[in-house]
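A short worksheet on the structure shown next.
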Amino acid sequence: MNRQYDLQDRPLVSDAEEAALKDALLERFVRYAKIWTTSNPDSAETPSSSGQWDLARLLQAELTEIGIESELTNHCYLVARIPSNLPPGTPIPETIGFLAHLDTSYEVSGKDVCPCVVNNYDGRPIVLRGGVTIEPGEAALGRTIVHADGTTLLGADDKAGIAAIVSTAAFLVAHDEIKHGPVELLFTPDEETGRGLPEFPREKVTSTACFTLDGGAGGELEIECFNAYGVDVTFQGRSIHPGEARGVMVNAALMAANFATMLPRTESPEATDGYYGFYCLMESSGSQENARQRLIVRDFSRSGIARRIAALESFARAVEAAFPGGKVTVDAKPTYYNMKEAIETRPEIQARLEKAAKNAGVDYCFKPIRGGTDGARLAELGIPTPNIFTGGRNFHSRSEWLLLDDLLAACRLAIELTRAGLH
Ligand SMILES: [Zn+2]
């Protein structure tokens, strides 16, 4: 059968192939999940932990075995390429990239992960060690679930993405009859600490559009995220023996407390969802002489984020007015910007994603990310990068679990995305 150019309405992955693909995804995911790749936010190195090297080297060896050349940079970025297999003389489409991160969140242990596989899920809550309970719900009935044992996270964020990308690559290499453009595979360190991308080997990357496989429930596609700022607020007071303090002491710790109460509670993470932004106090410390607070500020629009930072400045002036002689400084630095700005400049990328989702039989929806991905940072480097679901749930927790059937759908979608003539 010539499956070359007549596939616009037919999926590339047959039912028989799908079963094999599902087995391959599960085998890969379980193998990767067992590797300890927790990143370390206190390290100044990239990668921040040695386990990320272990996974990167394993992936490189695996890709070599599949027949795909790759390069591992001295900061643990693995870049691999699958050349186009279009007949000579055919115009070569743009290179697209798939990206997933090697590290797992440092908020929960990722050491000695024990992935457990539940086939034909029966709908009952799953109780793990330490009383951790998972309730996958009706959508998972009869399907395949993977979870950890309750003492660690699972690491579907983002080893599910890695498993989907490697399986997509292996599928393309094994099915030369599927005609595709050039494809790049990118595995990056330290996404969770937000520190990885400064070492991103931009010069080695030829993709003009990328897709991160770093999302959640099946069907969720993401093309917009927050604009994010980290804000350091410092409070300078004046310390003196409390017995002689009248009219002299300026208590920096109290100034900080006063500042924190000015943050609108209705615009906090716990009071907002959807498209509403927030202020969030992350950390507060100090004494009479000096105090410090660390905040994060999030908003989907640039004007919204500017308004919030201006508000913080005005709170600072109000605290100074209430504590004569005290000084408050607000230092706001961008962490990432809404990737929608870059994606909107190339509407054909979203159209391609939607077409691939339809061809893969994925019931999709677009959802704003109340956070960021490496895609947000790649967008700043000029590479529009939407995010695709992986089927993982409850990320960064001991109750993290993966719906393998969703991961299979993500893999089918990725295969469709590579197809020549889909744009
Ligand atoms: Zn992730």
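Just so you know, ligand 1 is whichever comes first in the structure, and atom 1 is the first atom listed for that ligand. Note that the structure is a prediction, hence the values are computed from the model and not measured.
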Whether the [X] and [Y] side chains hold a donor-acceptor pair (N or O, under 3.5 Å, no angle test) is what I'd like checked.
{"X": "Asn40", "Y": "Ser48", "answer": "no"}
{"X": "Thr37", "Y": "Lys159", "answer": "yes"}
{"X": "Asp176", "Y": "Asn85", "answer": "yes"}

_Strictly under 2.8 Å, how many protein N, O or S atoms lie near the Zn ion (ligand 1)? Waters don't count._
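Considering protein N, O and S only, the Zn ion (ligand 1) has 4 within range.
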
*asked:* Is the shortest side-chain heavy-atom distance between Leu185 and Val79 below 4.5 Å?
replied: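 Leu185 vs Val79: side chains apart.
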
*Charged N to carboxylate O below 4.0 Å: is that the case for Glu17 and Arg412?*
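Result for this pair is no, no salt bridge flagged.
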
*Aromatic rings Phe278 and Phe226: how do their planes relate, parallel, tilted or perpendicular, breaks at 30° and 60°?*
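Geometry flag for Phe226 against Phe278: perpendicular rings.
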
